[in-house]
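In what follows, a single structure is set out as structure tokens and then discussed.
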Amino acid sequence: MKTYKIWSINGPVVTVNGATELTMMEMVYVGHRRLVGEVIGIQSRYTTIQVYEETAGLRPGEPVEGTGYPMSVTLGPGLLGNIYDGIQKPLRALAETSGAFLPKGVETPSIDPQRLWDVTMKVETGAAVTGGQIFAVCEETRAIEHRALVPPQVSGTVEFAAPDGSYCVSDVLLRVRDASGALHEVCLAQRWPIKTPRPARTRLPVTKPMLTGQRVIDTLFPVAMGGAAAIPGGFGTGKTVTQHQLAKFADADIIVYVGCGERGNEMTQALQEFSELVDPHTGRPLLERTILIANTSNMPVAAREASIYTGITLAEYYRDMGYNAAMMADSTSRWAEALREISGRLEEMPADEGYPAYLPSRLSDFYERAGAFRTLSDRDGAVTLIGAVSPQGADFSEPVTQNTKRFTRCFWALDKNLAYARHYPAINWNDSYSEYVPELTEWYTEHAAPDFMENRTRIAAILAEEAKLAEIVKLVGAELLPDDQKITMEAARVIRVGFLQQNALDPVDTSTPLKKHYRMMQVILHLYDLAQDALARQVPASVMIGSGVFDKVIRMKTQTPNDDLSPLDALDRLLDETFAAF
């Protein structure tokens with residue numbers, strides 16, 4: 001490839017003077033150390049390049065070499081269980097060769113090129129294949145079967161198909177002759193541009209929730225499998241903790257966790273926890289179905305943008321195999337800040353709070369890659385996006401949060417007051433919402449209970465009534481409320497503490513199945529109905545509250561095993577006996 005010379009350097013932005021043959025979005029190697037960069041601007045007088053690695057020590061006059069292809073990632077077996085930086089450099093392999101500090105310009109294969117995989121072929125010589133078709137399978141981990149795909153742009157007749165056996169990712173397993181006569185070689189691994197969505201046959205309607213084991217989410221604010229959700233919250237409200245819980249207990253097949261611009265100690269904790277955790281769905285280590293992308297705050301700022309696209313591309317790859325993938329982005333605010341910094345160095349006209357005018361379109365492009373699809377292999381797969389947002393001062397009116405709300409249909413607003421009160425997940429039920437509820441109602445009715453959504457509506461109504469009464473309590477005090485309102489406030493406390501709050505350190509309460517959610521709602525509403533009947537019989541609210549039955553219902557969340565709900569039946573009988581005695 002033709003090489004050029006660096007003209008100027010401004011942080012991660014490098015310019016090449018004069019006309020070039022480089023193209024927009026082309027991946028380039030910058031300097032003698034071959035730092036990875038991408039062309040982001042072309043004018044007649046100069047070309048602008050964004051460098052994804054630290055540019056300290058780079059000098060004008062050093063070479064810039066084009067590659068002829070866009071910024072891409074390697075896709076193939078060996079991704080699961082791996083830890084990458086924002087441009088898919090394997091951090092474990094780099095640590096073994098370079099120590100604790102990330103070297104610059106080191107070209108290390110993203111997937112181990114020497115590892116052999118036991119491959120079973122699914123096509124034979126003479127067969128017709130199309131892009132996206134599964135041509136071979138191998139065991140990537142004990143939990144996940146890797147389904148090797150014909151690249152989307154390749155189709156034709158198979159002139160050579162390798163026999164079953166052990167192969168590395170670069171071995172040629174197929175030779176395909178297309179309609180124009182060109183011959184294509186297909187390996188286990190392939191490359192794909194990170195900013196180009198992988199094609200699918202059609203987008204499907206979302207009809208199933210992604211169950212997370214978190215009651216406030218699965219019951220009140222569910223996210224669809226293939227949906228997009230935002231978790232906004234200020235510092236210390238539990239964004240990372242919530243995403244860790246979702247990554248551990250969500251019923252997605254594949255988890256892609258992206259730490260984008262987060263503190264190094266948080267990512268270290270995440271890496272340690274994921275390495276030690278046992279997957280509750282398979283009984284195997286959680287890393288066997290997880291990919292971690294660590295792009296910490298002390299890494300090059302430009303790589304934050306790449307890390308988000310790298311993560312979604314890896315998730316789409318497993319979606320194309322027919323898996324349900326979930327991607328956790330923590331956090332998109334750091335990504336937006338990187339866009340703002342690069343935009344400032346490019347001297348672009350700033351918009352709200354200094355962010356570039358194209359911030360909404362970038363967020364839209366990212367969240368639109370979520371969805372449920374019929375893939376090119378005629379399987380159903382989905383990518384669910386969970387994006388954390390870190391507004392400064394917990395100000396939800398700032399541009400990143402507001403624009404994220406435009407492109408996501410599920411909003412889990414974290415509340416610092418709940419977090420400081422040790423109420424986790426600290427999702428505020430008054431400020432949060434889910435627009436997926438109408439599409440998921442049929443699924444809940446069929447798979448949970450016919451009256452599941454009715455009970456959910458009643459629970460939400462009690463919480464909404466409590467929010468109204470809270471304003472009155474601030475003025476006159478709870479003692480002056482009439483008895484019916486005191487019962488409403490007490491029932492709401494049971495819902496908040498006994499249902500919505502979960503203890504991540506309790507093996508029973510950290511994650512609960514949907515059938516337990518339903519039975520817990522039934523018990524709470526049964527208590528509320530009994531209390532209303534007792535009020536009609538002139539039983540004072542103070543007598544009912546003083547009996548301790550409300551606190552007994554609160555304790556059911558930890559005293560009822562997830563696989564044995566009989567204690568809830570006993571609690572129902574206890575409630576009947578207690579209120580009959582009033």
Taking only residues two or more places apart in sequence or in another chain, which ones pass side chain to side chain contact (heavy atoms under 4.5 Å, CB included) with R493? E490, R496, V497, F550, D551, I554
Check step by step if side-chain contact (heavy atoms from CB on, under 4.5 Å) holds for M27 and V36. CA-CA 7 Å; M27 177 180 167; V36 175; 3.9 Å; yes
Using atom types as modelled and distance alone, determine if a side-chain donor or acceptor of K239 lies under 3.5 Å from a backbone N or O of G387. no
Between E316 (side chain) and G311 (backbone), is there a donor-acceptor pair under 3.5 Å? no
Student check: side-chain heavy atoms of T20 and V39 closer than 4.5 Å: no
Nearest heavy-atom contact between F249 and P280 is CD2-CG, 3.6 Å
Straight-line distance of R33 CZ to E62 CD, nearest 0.5 Å: 7.0 Å
Starting at OG1 of T310, measure out to CE of M71 and round the result to the nearest 0.5 Å. 6.0 Å
Please check if any side-chain donor atom of Q88 sits under 3.5 Å from a side-chain acceptor atom of S110, or the reverse. yes
Do other residues, nucleotides or ligands put more than 12 heavy atoms under 6.0 Å from Y69 OH? yes
When you measure from the side chain of S72 to the backbone of P70, do you find a donor-acceptor pair of N or O atoms at a distance under 3.5 Å? yes
Quick one: pull up CD1 in I308 and CD1 in I293 and give me the separation to the nearest 0.5 Å. 8.5 Å
Do the side chain of S331 and the main chain of V389 share a donor and acceptor less than 3.5 angstrom apart? no
Under 3.5 Å: donor-acceptor pair, side chain of R215, backbone of Q501: yes
Shortest non-hydrogen separation from A230 to T408 and the atoms involved: CB-OG1, 3.9 Å
Separation between CG (N82) and CG (L292), nearest 0.5 Å, reads 9.0 Å
Just by distance, with hydrogens left out, do N403 and R406 show a side-chain donor and acceptor under 3.5 Å apart? yes
How close do L35 and E53 get, heavy atom to heavy atom, and via which atoms? CA-OE2, 3.5 Å
Applying side-chain contact (heavy atoms from CB on, under 4.5 Å) to T404 and Y367, what does each step give before you reach the verdict? CA-CA 9 Å; T404 299; Y367 282 108; 3.7 Å; yes
Is there a donor-acceptor pair under 3.5 Å between the side chain of N428 and the backbone N or O of A413? no
4.5 Å side-chain heavy-atom contact, Y436 and P209: no
Looking at N562 and V508, would you say the former's side chain and the latter's main chain have a donor-acceptor pair under 3.5 Å? yes
No-hydrogen, no-angle side-chain donor-acceptor test under 3.5 Å, E435 and Y433: no
Are any non-hydrogen side-chain atoms of L79 and Y318 less than 4.5 angstrom apart? yes
Relative to Y444, does R456 satisfy both conditions: NZ or CZ under 6.0 angstrom from the six-membered ring centre, and within 45 degrees of the ring's axis? no
Enter the distance from M328:CE to T240:OG1 here, rounded to the nearest 0.5 Å. 12.5 Å
For the residue pair T558 / D509, report whether a side-chain donor-acceptor contact shorter than 3.5 Å exists. no
Please tell me whether S511 and Q502 have a donor and an acceptor in their side chains that are separated by less than 3.5 angstrom. no
With distance as the sole test, does K416 use its side chain to make a donor-acceptor pair with the main-chain N or O of G393 at under 3.5 Å? no
For atom CD of Q392, is the number of surrounding heavy atoms from other residues, nucleotides or ligands below 6.0 Å larger than 12? no
Just checking, is any N or O donor in the side chain of Y358 or E348 under 3.5 Å from an acceptor N or O on the other one? yes
Please report the C-alpha distance between T47 and V64 in whole Å, then the side-chain angles of each, then the deciding distance to 0.1 Å, and finally whether the side-chain contact (heavy atoms from CB on, under 4.5 Å) criterion is met. CA-CA 11 Å; T47 298; V64 173; over 6 Å; no
Given side chains that start at C-beta, do those of Y355 and E398 come closer than 4.5 Å, heavy atoms only? yes
Minimum heavy-atom distance A228-F407, with the two atoms named: CB-O, 4.5 Å
Check for a donor-acceptor pair, side chain of D253 on one end and backbone N or O of N324 on the other, with a separation under 3.5 Å. yes
Any salt bridge between K195 and E305, counting N to O under 4.0 Å? yes
Any side-chain to backbone donor/acceptor pair from D218 onto G213? Under 3.5 Å, distance only. yes
I'd like to know if E341 and R304 make a salt bridge, using a cut-off of under 4.0 Å between side-chain N and carboxylate O. no
Criterion side-chain contact (heavy atoms from CB on, under 4.5 Å) on T67 and E26, from CA distance to verdict: CA-CA 7 Å; T67 62; E26 181 178 348; 4.2 Å; yes
Would you say the side chain of L246 lies within less than 4.5 Å of the side chain of W412, judging by non-hydrogen atoms? yes
Can you tell me how far CH2 of W335 sits from CG of N295, rounded to the nearest 0.5 angstrom? 13.0 Å
Given side chains that start at C-beta, do those of D279 and E288 come closer than 4.5 Å, heavy atoms only? no
Return the minimal non-hydrogen interatomic distance between L75 and I111, and the atom names on each side. C-CD1, 4.1 Å
Within a strict 4.5 Å, meaning less than it, do heavy atoms of the I291 and Y317 side chains meet? no
Side chains of L359 and R340: does their closest heavy-atom pair fall under 4.5 Å? no
Step-by-step side chain to side chain donor-acceptor pair (under 3.5 Å) determination, Q43 to T48: CA-CA 8 Å; Q43 297 188 16; T48 306; over 6 Å; no
Shortest non-hydrogen separation from W7 to P60 and the atoms involved: O-CB, 3.9 Å
